[in-house]
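One-based numbering, in listed order, for ligands and for the atoms of each.
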Amino acid sequence: MSVKKIFLAVFLLISFLNWSQNKKFKVVLDAGHGGKDYGATYHGNIEKNIALKTALKVGEILKNEHDIEVVYTRNTDVFVELDERANIANKSKGHLFISMHCNANPNQAAAGNETYVMGITKSASNLEVAKKENAVVTLESNYKVKYDGFDPKKPESVIGISILQEENLQQSIEIAGKVQQAFTKFTPNKSRGVKQAGFLVLRKIAMPRILIEMGFVSNKNEGAFLNSEEGQLKLAQAIATAIVNYKKDYFHSESNLPKKQEVSKEEDKKDTPKKEDDKANVTSSSKEDIFFKIQISASAKKIETVPTNFKGLKSISVQKEKSIYKYFYGQTSDYKKAKQLLEEAKAKGYTSSFIVAIQNGKQISIKDAIK
Ligand SMILES: [Zn+2]
């Protein structure tokens, strides 16, 4: 063979390998906690072990699917930082990110499974779950710097990381719904539904992403189920089935993939238009999830959100929509307070300011918000 022909053969082989790689649906399985981080521990049921064993079982089952590739953020008992989990997922160019955890509650009667998508919540119980899972960052050095001043004890921190996290929401809700459906089919446990809250581990994931609370280790019966081979197998069958069904619905060929997002700064992320029924099946949506902000200006230019740039106004936030940056003043769930904020903005010279209402990260009409 001539050198030219060898080159051609190698080129064709590489192209083929690339092509066959691209045809595969890649799911990233993220077993929560690990190593020095045990997660929730009750009655000898240890979250990190249950999460890992179940994740490995999901991977085993998915080996039967020739067009699904599994990527693990950990497949042994090691500590992996939250941002590193996101790095692994994003570098692998996964199509789906599944974080697996166990719930716990001092009220040991609490039982059932639930699946979370990223979003704003003021539901106290959702916040508690997010706070508990996010608290693992305190085991990382320098976490306040790495996670933008994040304080796991403050609800504002949980709400803060949920803002501007709309990407891939619809697909995330789809896979979350399929997981909950499959849990009902494969396990005897109670379904607590699909919920929204802000999870640090999900915030930088650039693909549809969910966090599953597979059950309560604090509940004697459910904890024993979670800790058993049989229980883990049922949970794994349910999760694997949901993944396979999701792949059937959303992954036919590379050109037909759910739109993937580039990893970038929050403000630079593109706004994807959403259908009205986006969140129809999110059970936790309620009046409390609505809040108001004052839109004071919009600009093609990105301006640093410091008071000196906004006539002395503090708590300015920015959101990029298409090629426009929108600037907002304040945030409140109280419409009366929002009117006051509007007056303050006008008094500062932003005479054309107006109130916007946001529910689960999406703008809604004021009329709907104050209904
Ligand atoms: Zn956990």
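- Ordered by chain and number, H33 NE2, E47 OE2, H101 ND1, E133 OE1, E133 OE2 make up the set of protein N, O or S atoms under 2.8 Å of the Zn ion (ligand 1).
- When atom types are taken as modelled, the side chain of N126 and the backbone of A197 share no donor-acceptor pair closer than 3.5 angstrom.
- Its side chain outside the 4.5 Å cluster rule for every partner, V306 clusters with none of the Ile, Leu, Val, Met, Phe, Trp and Tyr residues.
- Under the 4.0 Å criterion applied to side-chain N and carboxylate O atoms, K131 and E128 are assigned as salt-bridge partners.
- Below 30°, between 30° and 60°, or above 60°: for F25 and F251 the angle between ring planes is above 60°, a perpendicular geometry.
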(request) Mind running side-chain contact (heavy atoms from CB on, under 4.5 Å) on N189 and K234 for me, showing each step along the way? (result) CA-CA 11 Å; N189 305 337; K234 283 179 178 163; over 6 Å; no
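- Remark: of the listed residues R192, Q180, E222, Q180 is the sole one forming a side-chain hydrogen bond (donor to acceptor under 3.5 Å, both in side chains) with N113.
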